[in-house]
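Letters A, B, ... are given to chains in the order of the sequence lines, protein chains preceding strands, and every chain is numbered from 1.
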Amino acid sequence: MADTAIGVEGAHKKYGERAALDGLDLRVARGTVHGVLGPNGAGKTTLVRILSTLLRPDGGRIEVAGRDVVTDAREVRRRIGLLGQHAALDEELSGRQNLEMFGRLHHLGARHARVRAGELLERFGLTDTGRTAVRAYSGGMRRRLDLAASLITEPEVLFLDEPTTGLDPRGRAEVWASVRSLVGGGTTVLLTTQYLEEADQLADRISVVDHGRVVADGTADELKTLTGGDRIDVVLRDAGQLGAAVALLPLPAADISVDADRRLLSAPVVDRMAALAGVVRALEASGIEAADVALRRPTLDEVFLHLTACDDRTDRTKEAV
Amino acid sequence: MSTYVLSDCWTMTRRELAHWARQPVQVLVLLVFPVMLLLMFGYLIGGGRGVEGSYVDFLVPGMLALTMAFGLEGTMLAVTQDLNKGVIDRFRAMPMANGAVLVGRCAADMLQSAVGLAVLISVGHAIGWRTHGTPGAFLGAVGLLLLFRFAMLWIGIHLAMVAGKPEMVQAVQILVWPVGFLSNAFATPGSMPSWLGTAVEWNPMSQTATAVRDLFGGPGGEPGHVGAAVLWPLALVAVFFPLAVRRFARLSR
């Protein structure tokens, strides 16, 4: 298992009666980016906090960089970096003071810590912040400094818990670029996100988590195949006709999802050509005008909804109809 | 591994000192507040029921002890604020010594208290307070005061972790006042109703104040209280230090 950076078997964690992790399994290969995708409350943050030794699991075998997170926490801490959801910085101190302090606490020695702080400030474009306290930083600057602080020792494993939540598109692009450059250096990255696009962009493999378990695991393409292959999209000219179209098209009504804002009907198909021909004929015969009809691969959004579908989501889809 | 314990604690102490350097006004307020209380009681409210001899000589050692007791609030506030900041997660996910965060707080607060004592002693001298003991006894008195502060510090750290939220600190801040004043800082127990006097004499802070007055050679001092002024704080530390450290370790639950 020398090529395994993160190994989780049957992780359990309860908060009172509620199980945050309910027998979660995960294996992340060294040097890869692994996306953990799930809705709010799925257990993503609990998983990251356990992997980074901040939280004790109730049960399960959990290893990071070959060390047990419970019995060998200190050794794990020497090998990891953590970028949590909230900035883990001393707001009263400057960026340089923060980085030097973290460097010393990583036992780099005073001189090395100073040099390293300078390198990281330069790399993340924070050199000219001088003595300004972190509390006066913008959100993007704070995130960059936080990421820099996670990289003090060039960690073997880096945890990013929703790294771009709350950032504008530019800040998001910056964080993505940093993550990509890290992986080039051999760091293993575990990234949690609610954004499918982010997982699709960055991750080699993705685990979809819901209710404290992994409900699907694979590359983005494999996950897309899971929902049953191709789909047909029909965009109508008039949103008022969506209901009529659902009833009339030769597609199983239960599988059709409707997006009223985009005047869009979408459904999985088995025989591509037959479905396309059937839809076009039905539209012509009924006189419902279509702006576009197209066959396509499913998006990760659909995979996600499909895999984590719970009652309230199904309800919402019906209401939209 | 253990070779890093001291350097980790020093790093965390430096962090607190860096905070001071950035907020000199806040530090100044902390130093001025006890001076204000001293002047208020010395000139406005003064009188000193049951005190034989100079009231200033009675009041200043009492104020020194009270200032040490009130330090509990400052410690508690700082710890709750720290625990509610994201940075604590980074510390806890680092290979640093367990509890260096608490030790840093401890060192900084003790240093602040030592400076506070120096300021208060100087102001006391300026308003006419005189000690009559030996220099050795003087240093012993300062040592007892700092020992008492050390006990208050660990109570403060423990309460902070029990309370969790900075809002809860307010409740404790309000409670510290009656406990502080339910002592012989301003008046002798003999001048109070007997049940109150008994409660006041049992207050660990009163033990420290009486012992310190004795060592300074002023009114209100009685020989034989130094033992209690050493044992009380040590007993409090023996209870609250392990409780606090255990609480800190259990943040991961």
Legend entry - Proximal component of Ile88(B), with respect to chain A [non-hydrogen, under 4.5 Å]: neither
Inset, instruction - Could you tell me which non-hydrogen atom of Pro95(B) sits nearest to which non-hydrogen atom of His107(A), and how far apart they are? - result: O-CE1, 3.3 Å
Legend entry - Under 4.5 Å from a heavy atom of chain B, the part of Thr153(A) involved: neither
Inset, instruction - Check whether Ala133(A) gets within reach of chain B through its side chain, its backbone, both or neither, counting any heavy atom under 4.5 Å. - result: both
Inset, instruction - Go through Lys13(A), Gln85(A), Met101(A), Arg79(A) and name the one with the most non-hydrogen pairs under 4.5 angstrom from chain B. - result: Met101(A)
Inset, instruction - Hey, could you give me the CG/CZ distance between Leu251(B) and Arg56(A), rounded to the nearest 0.5 Å? - result: 12.0 Å
Inset, instruction - Answer yes or no: are there more than 12 heavy-atom neighbours, outside Gln170(B) itself, under 6.0 Å from its atom CD? - result: no
Legend entry - Residue pair Met96(B) / Phe102(A), side-chain heavy-atom distance below 4.5 Å: no
Legend entry - Gln23(B) atom CD, neighbour heavy-atom count above 12 within 6.0 Å: yes
Inset, instruction - With a 4.5 angstrom heavy-atom cut-off, could you sort out which part of Ala149(A) is near chain B: side chain, backbone, both or neither? - result: both
Legend entry - Nearest-0.5 Å distance that lies between atom OG1 in Thr53(A) and atom CE in Met94(B): 11.5 Å
Inset, instruction - Please examine the side chains of Val87(B) and Glu91(A), heavy atoms only from C-beta on, and report whether any two atoms are closer than 4.5 Å. - result: no
Inset, instruction - Look at Asp90(A) together with Arg90(B) and state whether they make a salt bridge at an N to O cut-off of under 4.0 Å. - result: no
Inset, instruction - Measure distances from Asp146(A) to the heavy atoms of chain B and classify the residue's part below 4.5 Å as side chain, backbone, both or neither. - result: both
Legend entry - Distance (rounded to the nearest 0.5 Å) between Arg22(B) CZ and Gln97(A) CD: 4.5 Å
Legend entry - Structural part of Ala97(B) lying under 4.5 Å from a heavy atom of chain A: backbone
Inset, instruction - Verify the distance criterion only: is there a donor paired with an acceptor across the side chains of Asp89(B) and His86(A) at less than 3.5 Å? - result: no
Inset, instruction - For residues Ala88(A) and Gly86(B), report the shortest heavy-atom separation together with the two atoms involved. - result: CB-O, 3.4 Å
Inset, instruction - Taking all non-hydrogen atoms of both residues into account, name the closest pair between Ala93(B) and Ser52(A) and its distance. - result: CB-O, 3.8 Å
Legend entry - Distance, nearest 0.5 Å, that separates CD of Glu100(A) from OG1 of Thr11(B): 11.0 Å
Inset, instruction - Heavy-atom distances under 4.5 Å only: say whether Ile80(A) touches chain B with side chain, backbone, both or neither. - result: side chain
Legend entry - Arg131(A) versus chain B, the contacting section by heavy-atom distance below 4.5 Å: both
Inset, instruction - Using a 4.5 Å cut-off on heavy atoms from C-beta on, say whether the side chain of Lys85(B) contacts that of Leu89(A). - result: no
Legend entry - Any donor-acceptor N/O pair, Arg77(A) side chain to Arg92(B) backbone, under 3.5 Å: yes
